[in-house]
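One-based numbering, in listed order, for ligands and for the atoms of each.
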Amino acid sequence: MNMIVQKFGGTSVGSAARMKDVAKLINDGKKKIVVLSAMSGTTNTLVEIADYLYKKNPVSANEVINTLEHKYADVIDGLYNSAEYKQKATDAVKVHFDTLRNLSKNNFFTVFEEKIVLSQGEQMSTAMMNLYLQESGVKSNLLPALDYMRIDKNEEPDTAYIREHIHKELEKVPADTVIYITQGYICRNAYNEIDNLKRGGSDYSASLIGAAIEASEIQIWTDIDGMHNNDPRFVEGTSPVSTLHFEEAAELAYFGAKILHPTCILPAKLGNIPVRLLNTMDPSAPGTLISNKITQHKIEAVAAKDNITAIKIKSGRMLLAYGFLRKVFDCFEAYKTSIDMITTSEVGVSVTIDNTKHLDDIVNELKKFGTVTIENNMVIICVVGDMNCANVGFQAKIVNALKDIPVRMISYGGSNYNVSFLVGASDKKRALEALSRDLF
Ligand code: ADP
Ligand code: ASP
Ligand code: MG
């Protein structure tokens, strides 16, 4: 379909004024799908409400619900011109606050109810934007994500289902619709229950939708002018990267560049649909274009992934005899724990994981093969760019930048796009700064 998908994150729709800016931006007469996150702060507040309900504290949950409702009343007041639309928006939002209050009356609260709570934010922001556009005379309609977005039993997107059902939903709305507004983040699972694509998942929604409709471009609009060459939350003086290859962007997203959800690049890459990262606060800035083109000989950016645990399995006897790695990997597979980094030697193997839910069980299994040591609170520093081995010299430059920092693991060769290092959390900022200083 010759449409673009535009996704706006929480800050981009975080107030009445911001919503008006987004409405102006999207209203260019071109047919498009607009994916919205919840207003900034809302999903965190919904998590807080769910926490109180888990702890059987409906009084505190209701206090938080009331405060959130007041905030929405203020936004509605600032957003619409007419009493008619203020009333329409108040009614639309009330449905969701009623849902929250009803859930707080139950004397049980499980993951099932929690996911219903978490789904309310995107439903409210999209209802409000849709009404605002309609009040402004724009031909806008809602595409309910819960009717087409779906994950399967393995919590992976059910792409065939999504493709079929989004087309059905597109056909249901009036043919003269110019802007289709839909919810990011929320979906149904294989049991038809309300579920979500994990925190930050609206980016993933946008790329799944883009792939499903074979969009001409997927735009991720946020509060910064594209992918920066280092994490702006830790390093001063970072600057935007103008172009990235899909693989480079995927590595950066997976290894901590919060601007993109870790899995958001894959659907776009598979469909060869360019992804553009743009800034709602500065719409004319060029941003970052992610496509299948690589800039040769260039180190593009650095990212860091926190809360990493390193596990070393060491043994004196021919540890790496054939079949050994399979046994080690089987332990992780049995507990559905994915490995981020791996390095080997004749006497041992080190791996890193970020999900420690089954760490004790995994360690107990691994102890059958040798001495196991664990180090918590580590960080993976990932340097991304054209790292084809023919580009002699980039490793030396990177290693030299880190010359004063204790490095626990080094990994290169898994792809032509990254070199990764494991360092202690206390060295993270220093390592990121050193890399920026020497590489950019
Ligand atoms: P949204 O709510 O629009 O999804 P996010 O907060 O999820 O926005 O992502 C944008 C933020 O990502 C930026 O404000 C910035 O602080 C952070 N960020 C982390 N690493 C990078 C990076 N390499 N480039 C740009 N932004 C980054
Ligand atoms: N609202 C969700 C979150 O805050 C999804 C998103 O913003 O991408 O995580
Ligand atoms: Mg985000």
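The existence of a salt bridge linking K88 and E135 is excluded, since no basic side-chain nitrogen approaches an acidic carboxylate oxygen closer than 4.0 Å. Taking the charged nitrogens against the carboxylate oxygens, R408 and E375 do have a contact shorter than 4.0 Å, which makes a salt bridge. Looking at E217 and R276, a side-chain N of the basic residue comes within less than 4.0 Å of a carboxylate O on the acidic one, giving a salt bridge. Ion pair K293/E248 not flagged as a salt bridge, since none of the NZ, NE, NH1 or NH2 atoms sits closer than 4.0 Å to an Asp/Glu carboxylate oxygen. Using a 4.0 Å cut-off between charged nitrogen and carboxylate oxygen, K198 and E155 count as a salt-bridge pair.
Contacts of A303 with ligand 1, taken as heavy-atom pairs under 4.0 Å, are absent altogether. At a 4.0 Å heavy-atom cut-off, ligand 1 touches R233 through the side chain alone. Contacts of E122 with ligand 2, taken as heavy-atom pairs under 4.0 Å, involve the side chain alone. Only the side chain of K7 comes within contact range of ligand 1, with a heavy atom under 4.0 Å; no backbone atom does.
Set against the non-hydrogen atoms of T43, the atoms of ligand 2 under 4.0 Å away are 1 (N), 2 (C), 3 (C), 4 (O). Atoms of ligand 1 lying under 4.0 Å from any heavy atom of G10, numbered from 1 in the order shown and given with element: 2 (O). Near G226, meaning under 4.0 Å from any of its heavy atoms, are these atoms of ligand 1: 24 (N), 25 (C). Those atoms of ligand 1 with a heavy atom of N230 less than 4.0 angstrom away are 23 (N). Atoms of ligand 1 found under 4.0 Å from any heavy atom of I224, numbered from 1 in the order shown, are 13 (C), 25 (C), 26 (N). Numbered from 1 in the order shown, with element, the atoms of ligand 1 that lie under 4.0 Å from a heavy atom of D231 read 19 (C), 20 (N). Taking every non-hydrogen atom of D223 and a distance limit under 4.0 Å, the qualifying atoms of ligand 1 come out as 10 (C), 11 (C), 13 (C), 14 (O).
If you check which protein heavy atom lies closest to atom 6 (O) of ligand 1, you get K258 NZ, 2.8 Å. Regarding atom 27 (C) of ligand 1, its nearest protein heavy-atom neighbour is P232 CD, 3.6 Å. Closest protein heavy atom to atom 4 (O) of ligand 2: R199 NH2, 3.0 Å. The protein non-hydrogen atom at the shortest distance from atom 7 (O) of ligand 2 is S37 OG, 3.2 Å. Residue, atom and distance of the protein heavy atom nearest to atom 12 (O) of ligand 1 are I259 N, 3.4 Å. The single protein non-hydrogen atom nearest to atom 6 (C) of ligand 2 is S202 OG, 3.3 Å, given as residue, atom name and distance. Given atom 24 (N) of ligand 1, the protein heavy atom at minimum distance is H228 N, 2.8 Å. The protein non-hydrogen atom at the shortest distance from atom 3 (O) of ligand 1 is T222 OG1, 2.7 Å.
Checking only distances, G200 does come within under 3.5 Å of ligand 2, N or O to N or O.
Side-chain contact check for N189 and D195: at least one donor-acceptor pair (N or O, by modelled atom type) lies under 3.5 Å. Remark: the N44 side chain and the E48 side chain contain no N/O donor-acceptor pair separated by less than 3.5 Å. At a cut-off of 3.5 Å, with distance as the only test, no side-chain donor of Q395 or Y412 sits close to an acceptor on the other residue. Using a 3.5 Å distance cut-off with no hydrogens or angles, the side chains of E63 and T67 do not pair a donor with an acceptor. Looking only at atom types and distance, the side chain of Y72 has a donor-acceptor partner in the side chain of T42 under 3.5 Å away. Between the side chains of Q134 and S140, no donor-acceptor pair of N or O atoms lies under 3.5 Å.
Counting heavy atoms from C-beta on, the side chains of F109 and K56 never come closer than 4.5 Å.
Within the 4.0 Å heavy-atom shell around ligand 2 one finds G201.
Aromatic pair Y335/H358: ring centres closer than 6.0 Å.
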